[in-house]
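Owing to the predicted nature of the structure, the values given are computational and were not obtained by experimental measurement. Residue numbering restarts at 1 for every chain, and letters A, B, ... go by the order of the sequence lines. We use all heavy atoms of the structure for the numbers below, so side chains are in, but hydrogens, waters and symmetry mates are not.
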Amino acid sequence: MTSKVASMRDAVAELVRDGDTVAIEGFTHLISFAAGHEIIRQRRRDLTLARMTPDLVYDQMVAGGVARKLVFSWLGNPGVGGLNAIRRVTEGPDASLELEEYSHFGMVARYTAGAMNLPFFPLRSYFETDLPRANPLIRPIESPYGDGKVYAVPPLRPDVTVIHAQRADAAGNTQVWGLLGCQKEAAFAADRVIVVVEELVDEAVIRADPNRTIVPGIIVDAVVVEPFGAHPSYVQGAYDRDNRFYRDWDPISRDPELTTRWLDEWVHGVSGRAEYLAKLGAERAASLRPAAPAPSGSVDYGAYR
Amino acid sequence: MTSKVASMRDAVAELVRDGDTVAIEGFTHLISFAAGHEIIRQRRRDLTLARMTPDLVYDQMVAGGVARKLVFSWLGNPGVGGLNAIRRVTEGPDASLELEEYSHFGMVARYTAGAMNLPFFPLRSYFETDLPRANPLIRPIESPYGDGKVYAVPPLRPDVTVIHAQRADAAGNTQVWGLLGCQKEAAFAADRVIVVVEELVDEAVIRADPNRTIVPGIIVDAVVVEPFGAHPSYVQGAYDRDNRFYRDWDPISRDPELTTRWLDEWVHGVSGRAEYLAKLGAERAASLRPAAPAPSGSVDYGAYR
Amino acid sequence: MSERPAAAFSRNEMMIVAAARELAGQRVCFVGVGLPNIAVNLAKRTVSPDLELVYEAGVFGAEPARLPLSIGDPTIVTGAIAVTSMFELFGYYLQRGLIDVGFLGAAQIDRYGNINTTVIGDYVHPKTRLPGSGGACEIAINARQVFVIMRQSARSFVDTIDFRTSPGNLGGAENAARIRREQGWLGSGPSVVVTDLGIYHFDESGEMRLDSLHPGATLDEVRATMGWEPRVAEELRTTPDPTAQELHLIREELDPEGMYTK
Amino acid sequence: MSERPAAAFSRNEMMIVAAARELAGQRVCFVGVGLPNIAVNLAKRTVSPDLELVYEAGVFGAEPARLPLSIGDPTIVTGAIAVTSMFELFGYYLQRGLIDVGFLGAAQIDRYGNINTTVIGDYVHPKTRLPGSGGACEIAINARQVFVIMRQSARSFVDTIDFRTSPGNLGGAENAARIRREQGWLGSGPSVVVTDLGIYHFDESGEMRLDSLHPGATLDEVRATMGWEPRVAEELRTTPDPTAQELHLIREELDPEGMYTK
């Protein structure tokens with residue numbers, strides 16, 4: 001087994017190219033801010049950024065100048081308000097960021113079609129709405145059983161998908177618990193996959209609980225070990241969402257100058273996640289730990305010899 | 001929370017009706033022979049039996065006279081040979097059992113369409129084969145993106161789906177590990193669901209590991225506690241497949257008289273699973289236990305208060 | 001129990017309490033972030049203890065130990081009945097018809113309960129870019145009933161919405177019922193709108209009808225905050241005050257910082 | 001090591017060894033029950049230690065502690081890399097194009113590698129009802145390459161199959177390549193057929209070509225067990241004998257009871 005363990009710098013340098021469609025997925029949980037920041041730091045350009053909920057990570061990437069286009073289903077700072085850097089380039093006559101817009105299920109269905117090598121995926125959304133007019137890629141399709149029509153969305157096949165996970169082995173066999181979002185589908189749909197983990201584990205840990213595996217190493221190109229790499233989002237069992245960060249981003253992102261200064265300080269001004277975390281402080285990190293453990297318990301697969 | 005715990009006799013009496021489409025699902029793993037035998041014992045008639053791999057359980061049910069029709073994708077006694085009771089009513093000019101035939105992925109896709117309330121499910125199978133001619137419900141469908149066609153299969157919506165699982169709570173919240181087959185899809189697709197379990201557990205066991213849940217109680221109508229209820233198939237971690245039984249069935253099922261005698265003795269001649277097991281003998285059951293435990297290990301969900 | 005008198009409550013508190021009470025007898029509820037979240041968690045502690053909370057992030061049967069701050073808060077996962085992929089949550093639960101009540105908010109709503117959460121102004125060059133559908137479009141189509149909870153204002157209760165993100169009763173009840181039937185939608189559309197001023201249900205024609213005014217709210221206020229002449233029930237009721245228990249739960253457990261209720 | 005001399009081997013053993021050797025350099029293999037199962041497990045212990053075994057039951061990266069007796073044996077689950085639903089196995093792995101080699105058996109096969117596992121005789125009133133497709137139809141379309149392993153007989157190697165369950169090179173290579181391209185199939189079809197008599201690959205025209213005769217087998221035997229005049233390679237090779245190690249593994253570890261190899 002060849003190890004795919006790489007630094008974030010090398011993984012992004014090798015696997016993310018100008019003009020790529022990049023999906024950093026994770027629905028509120030396990031968002032790889034570490035990868036987003038490295039892409040900004042390496043000054044990638046003309047990316048199409050796909051994500052159900054662009055969240056702060058894409059607001060920062062758009063502010064960092066890496067994006068040409070956004071493919072999404074919900075645009076906001078959850079629980080706080082709007083994404084101000086993105087609003088600046090999407091409102092009014094000078095809007096410069098291209099948008100391609102779906103609903104949540106539409107985005108999930110697009111990744112699923114990509115993961116399954118299907119030319120489309122059917123769903124019951126979009127009827128009697130303005131979404132198919134806003135996005136002509138949402139198209140009606142007749143049931144071949146004469147019982148009416150549904151809508152179809154096209155496959156989404158990112159050049160690169162980045163996911164964050166609790167653990168993987170060196171071959172990229174990856175396990176996640178808690179919210180699963182659409183990471184599995186986004187990874188299988190992609191041409192290249194970067195997995196960022198809290199913890200690198202021995203293959204035996206993975207093999208002890210194969211039902212927990214969401215992505216096999218066979219589709220993974222790089223494994224990056226980056227504890228706290230999902231901050232300010234969270235990792236089930238490891239740390240909580242840093243709500244203060246989400247609130248603080250609102251006034252920063254409202255002001256273009258403050259935004260640039262923030263990126264200079266927290267992204268360009270650090271060499272990587274380790275320095276970012278040192279800057280954030282051990283106390284802040286510690287304050288995000290869960291109040292107590294909540295163990296799943298163990299099940300028995302049985303040895304059959 | 002209302003308890004849905006019922007005896008197999010009551011569950012089948014209440015929930016399985018003459019003429020129903022019944023799916024006892026479980027791919028080689030977790031096949032509810034206990035439910036199959038109870039349906040024979042209660043002399044249900046005119047059932048449409050759906051199952052990817054009819055296996056011995058449907059061979060016995062067909063022999064027991066409950067079936068009018070079979071919906072399936074692979075017809076055999078895995079590792080042994082054919083299903084002789086079924087062959088007797090499907091070969092030659094007097095074939096009396098109606099067949100509706102798909103491929104494995106086609107059956108999975110049918111359950112998935114049922115589970116998702118979709119009018120069809122698209123897949124890349126069937127091109128340039130005789131299957132769409134043999135089964136006109138397999139139909140071509142054009143991609144709305146001008147990139148060719150795929151095939152569609154219609155939703156499968158069983159009146160009753162029966163699944164066997166390692167554990168559930170009294171509300172029917174059900175957890176499985178090892179092979180998952182298409183049980184989740186078959187259950188969500190169904191109008192009524194019977195869950196048969198090795199072990200009834202406290203709700204707290206389920207809630208300790210929510211990622212392990214495959215079926216929520218909200219779609220479950222009855223929970224039947226029937227340890228060894230999947231024999232001669234197996235339950236991961238609990239017991240192995242009884243290969244001797246699979247081999248023994250071949251000569252029995254080749255002879256209509258022996259088959260009837262077997263049903264009289266092992267199905268009609270016992271009041272239920274407990275008596276069947278007593279007849280089978282503790283030694284036989286013990287011989288099927290795994291050689292040693294193989295624990296999954298525990299993961300931490302974290303308490304967030 | 002709180003020592004403040006029951007009568008001293010904010011309009012937001014009244015709105016949340018009214019929405020929670022509407023959930024009596026419901027079984028499975030798709031929870032949104034913000035106001036719906038508080039209303040649903042209040043209902044589970046009062047009128048609907050058996051309510052199963054479903055979060056679009058992939059959680060069924062959540063028992064949050066604290067008020068979740070987002071729909072993906074880790075507290076909704078720990079101790080839940082089931083956690084699934086979003087493919088399964090939207091496909092096997094929502095589109096399958098297992099959700100009794102879905103909650104929606106709106107930037108704009110019209111008399112038929114059609115909702116806009118996408119843009120104010122032109123789609124391509126909008127005046128305000130809103131969040132978009134998220135799961136709203138599919139909730140509106142697939143949930144058995146849709147509850148709307150939002151503050152009332154002339155900007156949001158409009159004659160014509162700028163973009164239809166989520167279908168309500170379309171151009172009227174008859175048309176909506178026909179389309180829902182023909183297309184095989186499992187949902188029956190919007191059934192209640194709860195605002196800071198009152199409670200609306202939908203009449204035979206599919207239009208919003210004011211059935212209850214909150215204490216202290218007036219018909220004039222209602223008219224001043226709507227872009228159309230509202231239909232009013234023949235026997236207009238007054239929403240009963242929040243009880244001491246309801247207020248206590250909101251203030252001590254569900255929103256102690258008053259983020260949503262002040 | 002077995003004490004039997006290497007030369008004493010059965011034709012079934014030769015067939016399994018030859019199939020295993022064809023897997024050299026392959027990465028991800030979809031394993032079928034029976035002969036393919038033994039061949040693949042032998043390849044993993046000899047020419048292809050990194051081979052990842054995928055079972056249609058939903059297992060990726062199996063490390064079976066014993067020879068699995070069915071494709072759903074619990075021994076393929078314990079210690080595997082991943083266990084998935086069959087929806088994901090067929091959709092995200094197979095249809096997605098992640099399977100390098102899929103193994104098929106056949107009741108009937110024609111010169112183009114088209115396969116019948118459904119019926120002998122008429123579909124509605126068959127002489128023999130066979131198992132049907134199972135996953136074969138989708139393996140034939142979606143696996144990057146298809147390997148066939150089966151004993152040769154005039155009943156099974158036929159001019160015209162009674163039912164096409166799994167497409168091979170259809171009516172010839174050109175046509176097959178065009179259809180596969182036009183339909184966006186990721187698989188390139190059958191690439192090797194290993195029998196108890198020899199090894200076949202497919203020539204430019206898409207027909208089976210005998211490239212290697214197993215030791216002791218003759219061209220006359222080959223002709224007597226095929227419904228068409230076989231193409232034979234200009235330089236027909238003789239398959240090297242099974243090595244002592246290969247035979248030892250088969251006899252001591254993989255099929256000690258000789259269920260498949262006697």
Side-chain angles (χ1 to χ4, degrees), chain B residues 27-29 52-53 72-76 78-79 82 86-87 90-95 99 101-109 111-112 123-131 133-134 147-150 177-185 214 233-237 240-241 243 246 290-291 294, chain D residues 33-34 55-59 65 69-79 83-91 94-95 114 116-119 121 123-138 140-142 163-167 170 176 179-180 182-186 259:
Chain B
F27 193 85
T28 78
H29 183 212
M52 295 179 69
T53 56
F72 73 101
S73 48
W74 193 87
L75 206 56
I86 290 176
R87 284 184 66 177
T90 54
E91 290 178 352
D94 300 328
L99 296 185
E101 175 164 16
Y102 298 85
S103 59
H104 277 351
F105 195 28
M107 281 292 283
V108 171
Y111 284 125
T112 307
L123 67 169
R124 289 191 177 274
S125 308
Y126 305 128
F127 278 106
E128 304 289 335
T129 74
D130 289 325
L131 284 156
R133 271 186 290 277
D147 48 357
K149 63 174 184 178
V150 290
W177 53 98
L179 298 179
L180 306 173
C182 59
Q183 283 96 308
K184 182 186 283 193
E185 291 76 13
I214 68 155
S233 78
Y234 77 98
V235 173
Q236 191 78 40
D240 202 347
R241 186 169 105 138
N243 288 302
Y246 277 77
Chain D
V33 75
Y55 288 83
E56 68 183 12
V59 176
L69 280 166
S70 86
I71 50 168
D73 191 308
T75 196
I76 66 173
V77 167
T78 306
V83 176
T84 76
S85 70
M86 293 184 80
F87 179 79
E88 289 175 7
L89 200 282
F90 276 96
L94 180 58
Q95 193 169 276
N114 299 300
N116 172 20
T117 54
T118 301
V119 287
Y123 180 75
V124 180
H125 297 292
K127 194 163 143 271
T128 308
R129 174 65 232 192
L130 302 165
S133 164
C137 166
E138 26 259 357
I141 288 173
N142 297 303
F163 189 97
R164 194 193 283 164
T165 315
S166 307
L170 306 171
I179 287 175
R180 286 179 182 271
E182 279 176 12
Q183 304 294 354
W185 299 7
L186 294 176
M259 275 179 64

Most heavy-atom pairs under 4.5 angstrom with chain B, which of P131(D), A65(D), S133(D)? P131(D)

Please look at R87(B) and chain D and tell me whether the side chain, the backbone, both or neither of the residue comes under 4.5 angstrom of a heavy atom of that chain. side chain

If every non-hydrogen atom of L180(B) is compared with every non-hydrogen atom of S85(D), which pair is closest and at what distance? CD1-N, 3.9 Å

Any chance you could measure E182(D), atom CD, to D147(B), atom CG, to the nearest 0.5 Å? 13.0 Å

Proximity breakdown for L186(D) and chain B, heavy-atom pairs closer than 4.5 Å: neither

With rounding to the nearest 0.5 Å, note down the distance linking OH in Y123(D) to CG in L131(B). 7.5 Å

Could you tell me which of G34(D), A57(D), G58(D) has the largest number of non-hydrogen atom pairs under 4.5 Å with chain B? A57(D)

Less than 4.5 Å to any heavy atom of chain B: does that hold for the side chain of F163(D), its backbone, both, or neither? both

For chain B, find which of A176(D), G134(D), G132(D) contributes the most heavy-atom pairs closer than 4.5 angstrom. G134(D)

Roughly how far apart are L89(D) CG and F27(B) CZ, rounded to 0.5 Å? 9.5 Å

Does a side-chain heavy-atom distance below 4.5 Å link D240(B) with P74(D)? yes

Select, from H125(D), M86(D), E88(D), the one with the greatest count of heavy-atom pairs under 4.5 Å involving chain B. M86(D)

Between Y234(B) (side chain only) and G72(D) (backbone N and O only), is there a donor and an acceptor less than 3.5 Å apart? yes

Measuring from D73(D):CG to N243(B):CG, what's the distance to the nearest 0.5 Å? 7.0 Å

If I compare all heavy atoms of E128(B) with all of P167(D), which pair ends up nearest, and what's the gap? O-CB, 4.0 Å

Less than 4.5 Å to any heavy atom of chain B: does that hold for the side chain of Q183(D), its backbone, both, or neither? both

Can you tell which of G148(B), P290(B), G76(B), S103(B) has the highest number of heavy-atom pairs within less than 4.5 Å of chain D? S103(B)

Which answer fits F105(B), side chain, backbone, both or neither, if we ask what part of it has an atom under 4.5 Å from a heavy atom of chain D? both

Rounded to the nearest 0.5 Å, how far apart are CD1 of I141(D) and OG1 of T129(B)? 6.5 Å

Using heavy-atom distances under 4.5 Å, tell me whether K184(B) contacts chain D through its side chain, its backbone, both, or neither. neither

Could you tell me which portion of Q236(B) (side chain, backbone, both or neither) has an atom closer than 4.5 angstrom to a non-hydrogen atom of chain D? side chain

Please look at A134(B) and chain D and tell me whether the side chain, the backbone, both or neither of the residue comes under 4.5 angstrom of a heavy atom of that chain. both

Return the minimal non-hydrogen interatomic distance between G178(B) and V83(D), and the atom names on each side. O-CG1, 3.3 Å

Identify which part of M107(B) has an atom lying under 4.5 Å from any heavy atom of chain D, answering side chain, backbone, both or neither. neither

Do you know which of G181(B), G237(B), C182(B) has the most heavy-atom pairs under 4.5 Å to chain D? G181(B)

Pairs of heavy atoms under 4.5 Å with chain B: top-ranked of G121(D), A136(D), G91(D): G91(D)

Would you mind checking which part of F72(B) comes under 4.5 Å of any heavy atom in chain D, side chain (CB onward), backbone (N, CA, C, O), both or neither? side chain

Does a donor on one side chain and an acceptor on the other come within less than 3.5 Å for E138(D) and H104(B)? no

Portion of T112(B) that has a non-hydrogen atom of chain D nearer than 4.5 angstrom: side chain

Could you tell me which of N142(D), I179(D), V59(D) has the largest number of non-hydrogen atom pairs under 4.5 Å with chain B? I179(D)

Given that the side chain runs from C-beta out, which part of E185(B) has a heavy atom under 4.5 Å from chain D: side chain, backbone, both or neither? side chain

Got a salt bridge between R129(D) and E101(B), using NZ or NE/NH1/NH2 to carboxylate O under 4.0 Å? yes

In Å and rounded to the nearest 0.5 Å, what is the CG to CG distance from D130(B) to N116(D)? 8.5 Å

Relative to chain B, which segment of T128(D) carries a heavy atom at a distance below 4.5 Å: side chain, backbone, both, or neither? both

Contact class of L123(B) relative to chain D, heavy atoms under 4.5 angstrom: both

Assert top hit (heavy-atom pairs under 4.5 Å, partner chain D, pool G79(B), G82(B), A109(B), P93(B)) equals P93(B)

